[in-house]
Amino acid sequence: MNPYKDFKAVVKAGLESMTKAGNLAEGLDLARVAVEPPRDPAHGDLATNAALVLAKAAGIKPRDLGEALAEELRGHDEIEAAEVAGPGFINLRLRDSYWHNCLGAILRAGPAYGDSDIGQDVEVNVEYVSANPTGPLTVGHARGAVVGDAVAAILAKAGYSVTREFYINDAGSQVDTLAGSAYLRYREALGEEIGEIPSGFYPGEYLKAVGQALAARDGSKWLDRAEEDWMPEVRRFAIDALMDLVREDLAGLGIVQDVFTSERALVEAGGVDAVLETLVARGLIYTGTLEPPKGKTPEDWEPRPQTLFRATNFGDDVDRPIRKSDGTWTYFAGDMAYHLDKFRRGARIMINVWGADHSGYVKRMKAAVEALTERQARLEVMICQLVKLTRHGEPVKMSKRAGTFVTLREVIDEVGKDVVRFIMLTRKNDASLDFDLTKVMEQSRDNPVFYVQYAHARARSVLRHAAEGFPAISQAPDSLADGPLHRLTDSGELALIRLLAQWPRLVESAAETYEPHRIAFYLYDIAAAFHGLWTKGKDEARLRFLVEDDPELTAARLALIQGTAQIVASGLGVFGVQPVEEMR
RNA sequence: GCGCCCGUAGCUCAGUUGGAUAGAGCACGAGCCUUCUAAGCUUGGGGUCGCAGGUUCGAAUCCUGCCGGGCGCGCCA
């Protein structure tokens, strides 16, 4: 039951009947007609812009058209009042019984409430994290991880067919550096004194275990060999070990992806050659020389002919090189092969979650997807801005060089995965995010994690008390839904139901815009409304949820509380956050 | 120099895809609150939505140009 959708249909039906009666031109475009919650609740329950949007085409003044439509709508059973306001909005007030039915429907639908079919099973591939497997994940990685995971969950709830994917960047020079660093630790594990880790190698302690594991498995067999001999095997070993580490870190966040694609495997299987063939056949590859970037010519710039992809045909600023001078593929070439691979596996919408340092890469990748899929698939890139980690408002130093960078693991150990996940979703992905380790543990209204969780815990607590004090009232959602919901008459109670009924709308809008943060704000609003009701009960005993001498009223209120807990749990669910039963 | 992103109350941010008088929390002022789980509630002040044009019934939202900040800019990934 989705009031906005239901009444959009009602409004359209009203318009049609006006047309039939000859009071409205035929063939009007209703696409822009919207039914929304009004900005100011005093205006009513729902508002439609129909008269404003159609006035011009219909050749009727907005307010006149509005009045006519309002009159039409007044005939509807569930509509208590329909009034024209402002420039031509129609404000609708629905009968309380409609909202009572809504609450019943919410309870009967249970966790499925809010599910949508706007996705129409379109296959979406959400690629996130995709870090170089060269070290443990950091807080920065975590943001992309959580954002990607939440968007995937929202899209799934909105009816898309979702694949969660990780692209392993295991083909470049960075994994060679990793192998070299692991080799040093391997020699160390076999008793060699290696001293300071030379610059150009990864100094992290976490590689000691990798060196030891390799020594334990292979003994001294690689010790006196040339680099070209040990490199492939040590590299493979190190990448596997580091990917295990990365997967562990992700599991710590509650993230398990469906597909892991190896760049190296893709290249070795000839994926890039296939792409090149396709593109050559379409005349999109040529050899040319690029101009240096204006205003900032690199020191060592020298013009040289390169193999280029005609990205400018698809909206990019310059054509992009796909081959390095040593003959190997650029990262971009591999990425093209990878995206073609995703397309061949069925993806029609690809969503890539990237860090801000990759923003310069967006246009060429979109161009590539357009070219490779002949516009049958679309790429969306979500850029995640920086996470500013602080403690008591003071920046936490994160310098890789000084070895003081904070790993995701440490932060999870300190505040818990649910706090990390929720906080990462409280901002638009393209805005930077403040993460204060002390603030997020505060129990106050300006800590949204606490405030939302507390609403759920408080609701569960009341239900537990009710189970003791009112054992006759069944708390099964269906029983509560069948209860005397007409007893819910307080304005705060009805306002809360209206808010709960917005959940399907929130899911759809978050899915369409790829904006999980909307759900965080929505949950905060629910929490505020619910805490508000609870507090009212402190002042007026009559408004307390549990009313000893009125089990009927109590049953109705338990339905509302159950519904609230259910929607909060649903919202936290798509965030991958476990709702808590009690605060301790 | 070019491209992308951002600019809303003292601070941190929302703003329902172009709607009505631009909202919330914190902070500040005033007054309440001792419990179904306490970590709060009510209320007041506070705005040139970076600036200037444009589009239209209507702009924080769309377009153009400036100003300020972040990121990126041929064989790094």
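From a predicted model like this one, the values you see are computed outputs, not experimental measurements. Proteins get letters first, then strands, A, B, ... in listed order; numbering begins at 1 in each.
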For atom [atom1] of [X] and atom [atom2] of [N], their distance in whole Å:
X: A/K61; N: B/U56; atom1: NZ; atom2: P; value: 21 Å
X: A/F530; N: B/G40; atom1: CZ; atom2: C1'; value: 15 Å
X: A/N91; N: B/G19; atom1: CG; atom2: P; value: 15 Å
X: A/H531; N: B/A38; atom1: NE2; atom2: C1'; value: 12 Å
X: A/F450; N: B/G40; atom1: CZ; atom2: P; value: 7 Å
X: A/W354; N: B/G72; atom1: CH2; atom2: P; value: 15 Å
X: A/R320; N: B/A77; atom1: CZ; atom2: P; value: 15 Å
X: A/R364; N: B/C76; atom1: CZ; atom2: P; value: 13 Å

**Asked** So, A/K8 versus A/N2: side-chain donor-acceptor pair below 3.5 Å or not?
**Response**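 Looking only at side-chain atoms, A/N2 and A/K8 do not form any donor-acceptor pair under 3.5 Å.
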
**Prompt:** Taking atom types as modelled and ignoring hydrogens, do the side chains of A/T328 and A/D326 form a donor-acceptor contact shorter than 3.5 angstrom?
**Reply:**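 The criterion, which ignores hydrogens and geometry beyond distance, is satisfied for A/D326 and A/T328.
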
Rounded [atom1] spacing from [N] to [M] in Å:
N: B/C66; M: B/G72; atom1: C1'; value: 23 Å
N: B/C71; M: B/G47; atom1: C1'; value: 30 Å
N: B/G45; M: B/U61; atom1: C1'; value: 28 Å
N: B/A27; M: B/C4; atom1: P; value: 40 Å
N: B/G10; M: B/C2; atom1: P; value: 33 Å
N: B/U16; M: B/A24; atom1: C1'; value: 15 Å
N: B/U42; M: B/G53; atom1: P; value: 41 Å
N: B/C11; M: B/C41; atom1: C1'; value: 23 Å

Test side-chain hydrogen bond (donor to acceptor under 3.5 Å, both in side chains) applied to [X] - qualifying residues, sequence neighbours left out:
X: A/N49; value: none
X: A/R498; value: A/D45
X: A/N447; value: none
X: A/D40; value: none

How is [X] classified with respect to the nucleic acid when contacts are heavy atoms under 4.0 Å: base, sugar-phosphate, or nothing?
X: A/Y361; answer: base
X: A/E512; answer: base
X: A/Y454; answer: base
X: A/L52; answer: base
X: A/E302; answer: base
X: A/K56; answer: sugar-phosphate
X: A/A34; answer: nothing
X: A/P87; answer: base
X: A/E582; answer: base

Could you tell me if the side chain of [Y] sits less than 4.5 Å from the side chain of [X], heavy atoms only?
X: A/E268; Y: A/R264; answer: yes
X: A/M365; Y: A/H339; answer: yes
X: A/P37; Y: A/L46; answer: no
X: A/W354; Y: A/C384; answer: no

**Request:** Scan residues 440-461 of chain A for pairs that pass salt bridge (charged side-chain N to carboxylate O under 4.0 Å, His left out), counting only residues two or more places apart or in two chains.
**Result:**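 For residues 440-461 of chain A, and leaving out neighbouring residues, the salt bridge (charged side-chain N to carboxylate O under 4.0 Å, His left out) pairs sorted by first residue read A/K439-A/D446, A/R460-A/E581.
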
**Asked** Please, which pairs that meet salt bridge (charged side-chain N to carboxylate O under 4.0 Å, His left out) have at least one residue in residues 501-514 of chain A, sequence neighbours excluded?
**Response**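 Every pair satisfying salt bridge (charged side-chain N to carboxylate O under 4.0 Å, His left out) with a residue in residues 501-514 of chain A: A/K5-A/E508.
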
**For A/A337, side chain to side chain contact (heavy atoms under 4.5 Å, CB included) partners two or more places apart** =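 Checked A/A337 against side chain to side chain contact (heavy atoms under 4.5 Å, CB included); matches are A/L266, A/V272, A/V275.
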
**Asked** Can you find a donor-acceptor N/O pair under 3.5 angstrom joining the side chain of A/D335 to the base of B/A77?
**Response**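 A donor-acceptor contact between them is absent.
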
Every protein N/O lying under 3.5 Å from an N/O of nucleotides 33-36 of chain B:
from: B/C36; atom 1: OP1; to: A/R544; atom 2: NH2; distance (Å): 2.1
from: B/C36; atom 1: O3'; to: A/H465; atom 2: ND1; distance (Å): 3.4
from: B/C36; atom 1: O3'; to: A/H465; atom 2: NE2; distance (Å): 2.8
from: B/C36; atom 1: O2'; to: A/H465; atom 2: ND1; distance (Å): 3.3
from: B/C36; atom 1: N4; to: A/W534; atom 2: O; distance (Å): 3.0
from: B/C36; atom 1: N4; to: A/W534; atom 2: NE1; distance (Å): 3.1

**Request:** Tell me the stems RNA chain B sits in, counting at least three consecutive Watson-Crick or G-U wobble pairs, each under 3.5 Å on both distances.
**Result:**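 Listed by first number, the stems are B:1-7 with B:67-73, B:10-13 with B:23-26, B:28-32 with B:40-44, B:50-54 with B:62-66.
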
**A/Q306 side-chain proximity, nearest of B/C71, B/A20, B/G74** =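 Out of B/C71, B/A20, B/G74, the nucleotide with an atom closest to A/Q306's side chain is B/G74.
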
**Request:** Could you work out which one of B/G15, B/A20, B/C41 sits closest to the side chain of A/Y451?
**Result:**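 So the nucleotide nearest the side chain must be B/C41.
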
**Prompt:** RNA chain B: A/E581 or A/N49, which has the more 5' nearest nucleotide?
**Reply:**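 Between the two, 5'-proximity favours A/N49.
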
**Message:** Taking the nucleotide of RNA chain B with the nearest heavy atom to each, does A/T48 or A/E263 sit closer to the 5' end?
**Reply:**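 Final value for this comparison: A/T48.
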
**Item:** From A/F545, A/Y451, A/Y524, residue fulfilling ring-ring contact (aromatic ring centres under 6.0 Å, His included) relative to A/F530
**Value:**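 Passing option: A/F545.
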
**Asked** Between A/D317 and A/K363, is there a salt bridge with N-O shorter than 4.0 Å?
**Response**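 The answer is yes: the pair qualifies as a salt bridge.
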
**Message:** Do the side chains of A/R364 and A/D335 get close enough for a salt bridge, i.e. N-O under 4.0 angstrom?
**Reply:**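 No, this pair does not count.
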
**Stacked pair A/H43-B/A20, distance under 5.5 Å, angle under 30°** =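 Stacking between A/H43 and B/A20: present.
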
**Asked** Does anything in residues 166-182 of chain A reach RNA chain B, meaning a heavy atom under 4.0 Å, and if so which residues?
**Response**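 Nucleic-acid contacts, sorted: A/N169, A/G172, A/S173, A/Q174.
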
Expected list for residues 304-313 of chain A: side-chain donor-acceptor pairs under 3.5 angstrom, two or more places apart:
from: A/R310; atom 1: NE; to: A/G283; atom 2: O; distance (Å): 3.3
from: A/T312; atom 1: OG1; to: A/D319; atom 2: OD1; distance (Å): 2.7

**Complete:** Expected string for nucleotides 1-14 of chain B under the B/S/- scheme (protein heavy atoms, under 4.0 Å, primed atoms plus P, OP1, OP2 as sugar-phosphate) is B-S-SS-----SSS

